[in-house]
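Every chain is numbered from 1 and lettered A, B, ... according to where its sequence line falls, protein lines coming before strand lines. Quick note: numbers below take in every heavy atom, side chains included, and nothing from hydrogens, waters or symmetry partners.
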Amino acid sequence: MARRAQPLGAGPGIGAAACLAALILGTLAAVAWRAEAGGGLTAADWAAVRFTALQAALSASLSVALAIPVARALARRRFAGRRALIALLGVPFILPVIVAVLGLLQVFGRAGWVSEALGLFGLPPVRIYGLHGVVLAHVFLNLPLATRLILQGWQEVPAERFRLAAQLGFGPWAMLRLIEVPMLRQVVPGALAVVFAICLTSFAVALTLGGGPRATTIELAIYQSFRFDFDLGRAALLSGLQIVLTTGAAVVALRLARGTGFGAGLDRPVQRWDGRGAPARAGDAAWIGGTALFLILPLAAIAASGLAGFAGLPPAVWRAAAVSLAVAGVSTGLLLLMALPMAGAVALGRYGLIEVAGLLGLAASPLVIGTGLFILLRPYTDPTALALPVTALVNAVMALPFALRILVPRASEVVERHGRLALSLGMGRGAFLRLVFLPRMRAQIGFAAGLAMALSMGDLGVIALFAGAETATLPLQVYRLMGAYRMEAAAGAALLLLALSVGSFWILDRGGRWHAEA
Amino acid sequence: MRHLAFAAGLLGATAASAQTPELTVYTYDSFVSDWGPGPQVEAAFEETCGCDLKLVGVEDGAALLARVRLEGAHSGADVVLGLDTNLMAAAHKTGLFAPHGVSADFDLPVAWDDPVFLPYDWGWFAFVHDKGFDAPASLRSLADSDATILIRDPRSSTPGLGLLMWVRAAYGDEAGAIWEGLADNIVTVTKGWSEAYGLFMEGEADMVLSYTTSPAYHLIAEEDDSKTAAIFDEGHYMQVEVAAMMAATDQPELAGEFLRFMVSDRFQSIIPTTNWMYPAVTPAGGLPEGFETLARPGKSLLLAPEEAAALRDQALAEWRAALSR
């Protein structure tokens, strides 16, 4: 291919992707290299692989299938509280696992609100534990993310298309066929791949909601190889398998997602004239209301049980909150340093490998990355002294796939729309970056940064592998409080975590789009 | 400028610690937490040892052993505190630990004479429930009843493995049948202790696998006497938590001093109300008020470490098979 002049350089992005791949594969290799002779995969491991793939496929399909009508409703309605609702959509996803599980079970458990309500009518309690429970929990955690990703697809359809559609008098069917389906074909595969990858590495959620060893996932098998059998070879093998499954899904998704079709618009705010009939309005209201209820109830349960313990939170919790904020801040910075160049490189047409490298962060088991880093760092320094920097780095790597899904579509669009003009004006790469690229990406950068910040805040991550007494983060402190029987204080600390995550997410997300509608 | 000051501070700290010897103890995370024994133990030992005691927390007992194996002979640890009898055989086989040479007058329901591993606390596994609940009187009647229980996964939790050994120790080759009977009582299996106990406190099940000493927390710290532990006829499996000195430690005297301190009154009197377990050596002042109200099993069960290690894989397979139906 002849080298064409480009408004941006792809080098930094390719470099970032290479570093990332080296980190993930290097840690995996370190674990495999350290392994003593061990057994290969057992029949039980293969059962775990099958269960993992099945639950992840079901969870991803259902999350995305439900997200489509919800995102559609949110895209074409304007109502009071819409912004708050969209901000709230980020929340379930960033909750620490243990908090999310307890919140969900307070609503859907045997002694939960739903069971109690059923009991009023003399009905038996819901049976939540099983494959359906796993899928329900994963939909709760991932439907919001899928909705945001798809909503973004809707918002990136140029305003001119909707205007033209209105002028031509498109009915719902024509709208669906000519605008919505082509847009979805571009966005949905990526969303599916991301949710599939998240669910693939699920462990505590799957085990607890799955009700027992039937719900053994690959991540649990990795945990078992490390801790129960100390078989590092098997752990590396399983982690490799997880990576193969994720990259396989990613490659399929990227194949399917190719081909854009809307062309450039003038960057005007979107106005919609469709979907004004009563049935459409009622349908949208039902989707939005139903989702809001499904997401808000467990969050309300978490808040309600946290209030009692909130007032008397011990100083150690506040200290941990400060540590978590600092780690999350650094992690967000690192993330943007990796994600923006990578998104830029993808926008210049270097997709494939970079996008796959981006997904690796999700595919790799945190336990394997943490242990690999430990093995690699130990000859040179005391890894416990690096607990916080390592946690910030690993959190950034884990958030990268989401950031890329958010940044890439917009980056491609900016380069496509403005690249030629910038080149013809003889604009340098620095000027393009400063005057065109970054300002146009503000909303997406804000969203990605907010998500990364909140994710890093809520994730227990690798800190548990490295932590000393002084370096506890807030999620670790929640676990420690629970481990010391202090359930009420733990619930209070979880509420603080929730508030900090939502707060930082909201500030960054809004900061990115304060001038725009949406 | 600030990072320069920070670097200077670090250098200063290193220079200072070069004068006082440092003893590094690896332990599980809940030991080092602000609510565990760690802070008090550290303060008490540093009063007398003229050293800097550094506690490093590593998730739980199983992770602790994995960490030490990962580090091998070049481990940063001088002492490892927090293994239990189910992990002892595997720990012993690594050859990384040295004999302690400490003698103490243990108050354990079983005889203890292991030359390498020194106990610091112990407890009986038990199902904890509300006093109002009519609990079954044996594992077998639990399996036959419709009482609901929360347990933990033996692959990720040491108490989870304890229950496996409990059923094995009580029923031998019949264990598989007992697990099949228990399958419909189990609400769910969690990754760790906290999840299960949290769910129990939310009312998800009648009983939760914990220790006979768990009600003491509610009684002493929360003045809530509504919880109790069910006593089973078959006897209760024990968890004995142990510590050991690393063979490759560069501070053998200090490590030995720490182990002697560990079985002394000072350390032992911290244990009951921070780790919520029985101290291995009852301190001169006796147990804290409230511990006398705890239910005590008539019979203690404990498999020898080698036996536990040999049975482990088979017991896990039985458990998986029975619960995967």
- prompt: Which heavy-atom pair separates Tyr479(A) from Ser194(B) by the least distance, and what is that distance?
  reply: O-OG, 3.9 Å

- request: With chain A as the partner chain, list the residues of residues 77-84 of chain B whose heavy atoms fall under 4.5 Å from it, by residue number, and write 'none' if nothing qualifies.
  value: none

- prompt: Is any side-chain heavy atom of Thr188(B) less than 4.5 Å from a side-chain heavy atom of Ile128(A)?
  reply: no

task: Check whether any side-chain heavy atom of Val32(B) lies under 4.5 Å from a side-chain heavy atom of Arg480(A), and answer yes or no.
output: yes

- prompt: What part of Leu316(B) is in contact with chain A, defined as an atom under 4.5 angstrom from a non-hydrogen atom: side chain, backbone, both or neither?
  reply: side chain

Which portion of Ala44(A) sits near chain B, non-hydrogen atoms under 4.5 angstrom: both

Leading residue by heavy atom contact count with chain A [cutoff under 4.5 Å; candidates Ser30(B), Gly76(B), Gly198(B), Gly38(B)]: Gly198(B)

- prompt: For Tyr485(A) and Ser214(B), does a side-chain donor sit closer than 3.5 Å to a side-chain acceptor?
  reply: yes

Heavy-atom donor-acceptor pair, Arg378(A) side chain to His74(B) backbone, under 3.5 Å: yes

message: Is Asn275(B) close to chain A through its backbone or its side chain, or both, or neither, when contacts mean heavy atoms under 4.5 Å?
response: neither

query: Hey, which of Glu488(A), Met487(A), Arg486(A) has the most heavy atom pairs under 4.5 Å with chain B?
result: Arg486(A)

- prompt: Would you say Glu195(B) and Leu207(A) make side-chain contact, with heavy atoms under 4.5 Å?
  reply: no

query: Quick one: side chain to side chain contact (heavy atoms under 4.5 Å, CB included) partners of Leu376(A), sequence neighbours excluded?
result: Thr27(A), Ala30(A)

task: Side chain from CB out, backbone as N, CA, C, O: work out which of these in Tyr197(B) comes under 4.5 Å of a heavy atom of chain A, or both, or neither.
output: both

- prompt: Of the backbone (N, CA, C, O) and the side chain (C-beta and beyond), which part of Thr158(B) lies under 4.5 Å from a heavy atom of chain A, both, or neither?
  reply: neither

- request: Would you please test Glu59(B) and Arg227(A) for side chain to side chain contact (heavy atoms under 4.5 Å, CB included) and show each step?
  value: CA-CA 11 Å; Glu59(B) 287 186 271; Arg227(A) 312 249 319 247; 3.7 Å; yes

When Asp229(A), Ile375(A), Leu102(A) are compared by non-hydrogen pairs under 4.5 Å with chain B, the top option: Leu102(A)

- prompt: Does any heavy atom of chain A fall under 4.5 Å from the side chain of Leu64(B), the backbone, both, or neither of them?
  reply: neither

- request: Indicate yes or no: does Arg319(A) engage Asp34(B) in a salt bridge with an N to O separation below 4.0 Å.
  value: yes

task: Measure distances from Ser75(B) to the heavy atoms of chain A and classify the residue's part below 4.5 Å as side chain, backbone, both or neither.
output: backbone

- request: Spell out, as yes or no, whether a donor-acceptor pair under 3.5 Å connects the side chain of Arg312(B) to the backbone of Phe228(A).
  value: yes

- prompt: How about Val101(A) and Thr190(B): do any of their side-chain heavy atoms sit closer than 4.5 Å?
  reply: no

task: Please flag which part of Pro125(A) lies under 4.5 Å from any non-hydrogen atom of chain B: side chain, backbone, both or neither.
output: neither

